[in-house]
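Atoms within a ligand are numbered from 1 in the order they appear, just like the ligands themselves. Every heavy atom of this structure was used, including side-chain atoms; hydrogens, water molecules and symmetry mates were not.
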Amino acid sequence: MRNTHPILDHIDHHRDDLIGLADRVWGMPETLYAEYRSCAEHAQMLRDKGFALTENVAGIPTAVMGEAGTGGPIIAILGEYDALPGLSQQAGIAEPHPIEAGGNGHGCGHNLLGSAALLAACALKDWLAETGTPGRVRYYGCPAEEGGAAKTFMVRDGAFADVDAAITWHPDCMTRVDDPESLANTRMDFTFHGRAAHAAASPHLGRSALDAAELMSVGVNYLREHVPQDARIHYAYLDAGGPAPNVVQAKARVRYSIRALHLAEMLSIVERVKNVARGAALMTDTTVEMQVFSAVSNNLVNEVMDRTMDRVLQEIGGVPFDTADHDFARAIQATLSPADIASPYRGVAQIPRLDQALFDGLIPLRPGGEKMIGSTDVSDVTWAVPTTEVLVATHAIGTPAHSWQIVAQGKSPAAHKGMTHAAKAMARCAQMLFADPALLAEAQAEHAARLAVTPYICPLPADLAPPLQPRPTPV
Ligand SMILES: [Zn+2]
C-alpha cells in the first residue's frame, strides 16, 4: 500500500529495526520497575538512531528519554515496555504453553507499545531534519504502567514540564481513538496487627488481624451501595496470616484498588474506605497501618488532539492484515468464548458484528455503546499536556487483555503490522501539530480551559516514592 504522506516513508525505513526491538523485549519480559534489560534495549536504540539520551528520568532507573530536533515546540511520544507476572507463553501457537511455568509474559502488548512509539519518534526525527522544521520530538520510555504509576511519578517530578503535547497508543483488537474517560485509581495496602494465641486453648488472649481484614471486606461491601455507579472497589489478600488455623492470626495484609471517574470522587471514597478499616480495627481490638502503593488520575480529554488523531486514521485507514494473519487470529478465537468475542462490540454501538477474526477497519470517533473503562498512568500526562491516545488492532477480536492469548500473538506478523500502523498514526499526528502552530495552540487553549475549571491534584501522597526494584546482578 502506498503511503499518503512522506513522513510515513520514514516509518517504513526504520520499521525492521523497531520490529526487532519489539521481539527482543517480548523475549525478556520484566515487570514493575524491574525493566532493566528492556529499558537498556530502548536506550541503545535511541543512541543508535542518534537521539540525545537522558537516563534515570525522574530518578527512575528504568525510565529513559531521547530527544531530537532543535527549537520549536516539543512533542512527546510515550512508550512502555513492562510485562505481567504469570503469563509466560510461547509465541505463534493457539494453545496455552508457558515458556517458563509461572514466568512473566507480555500480556498487555507493551513490547509493541514501546517499540512503535520509538519508531514514530525516529520518523519524526528524520522529517524534522529533512524539512528544517523547528521542533523537538521526545521519546519517553515509561516503565511500570501495570500497577506502578511511573508516569504519575514522572509528571510529579516535572518530566513533562516543557512539553507542548503528547501522543501515545495501545495495542487493541479494534483501531480507533481511545475513549475520553478512564478511572482514577488508588492502590493501597491495609496491614492489621493483632496478637497471636492458641486458637483452642487461649483464644480469649488473641486478637485476630484476619478477623479485622474480613470485617473490613464486609464493611466495604456495604459501602458499595453508596458510591457513584462508575466507582470500583476490589481487593486481594497479600497476607492472610499464615496457614495454621490453630493460631490466632497476628498479622494480615490486604491490597485495595479504589477507582472512580473523577479524581475528587476517588479521593473521597479512599477516605471512606480508610474509615471502614479503622472501624474493623476498633471492632477487633487490632491496629491498622495504611499505605498508598500507587495512584493514577482519570483522563483529561482533549477534543482537538482526538479529532486530529481521528483525521489521521481516516487518512491512513485500517491495518492491512493478510490472509495468514486472519487464519492465525481465527485459531486464537477458537480458544475464546462467544462472550469474549462479542465483548468489544458492546463498547462500539455503531459497528455491526463482523464475520472476521481481525479488525482491519476503523471505528468512528466517540462510537457510543457501553463504557468499559479501566485506569492508566497515561491519564496523569493528560493533565500535564494536551494528549491523545490511539488504539490500533494488533490481535484477534475478543482477545482478553492480560491473557496468554495476547502473549501468543505478541510477535506475530499481525502484531508487527499493527505496531507499524500505530507508529504511522502517531508520527503523522505529531507532524500535523509541528506543521500547524494554530492547531497546537488550539489544543493547548482547550487544555488550559479545562484546567481552569478543574485544577490537577496529584493523586500520590507527597512523601510516596516509586517502589523501585534493585538492578539485577549480572550472571
Ligand atoms: Zn497496557
Sub-2.8 Å protein N, O or S atoms surrounding the Zn ion (ligand 1): C108 SG, H110 NE2, H170 NE2
Parallel, tilted or perpendicular: rings of Y33 and F153 (30°, 60°): perpendicular
Pairs where residues 40-57 contributes a residue and the test salt bridge (Lys or Arg N to Asp or Glu O under 4.0 Å) is met, not counting sequence neighbours: D17-K49, R24-E41, R47-E55
Any donor-acceptor N/O pair, Q44 side chain to A40 backbone, under 3.5 Å: no
Donor-acceptor contact below 3.5 Å, side chain T175 vs main chain A393: yes
Note: R176-D310 ion pair, threshold 4.0 Å (strictly below): no
CD/Q314: more than 12 non-hydrogen atoms of other groups inside 6.0 Å: yes
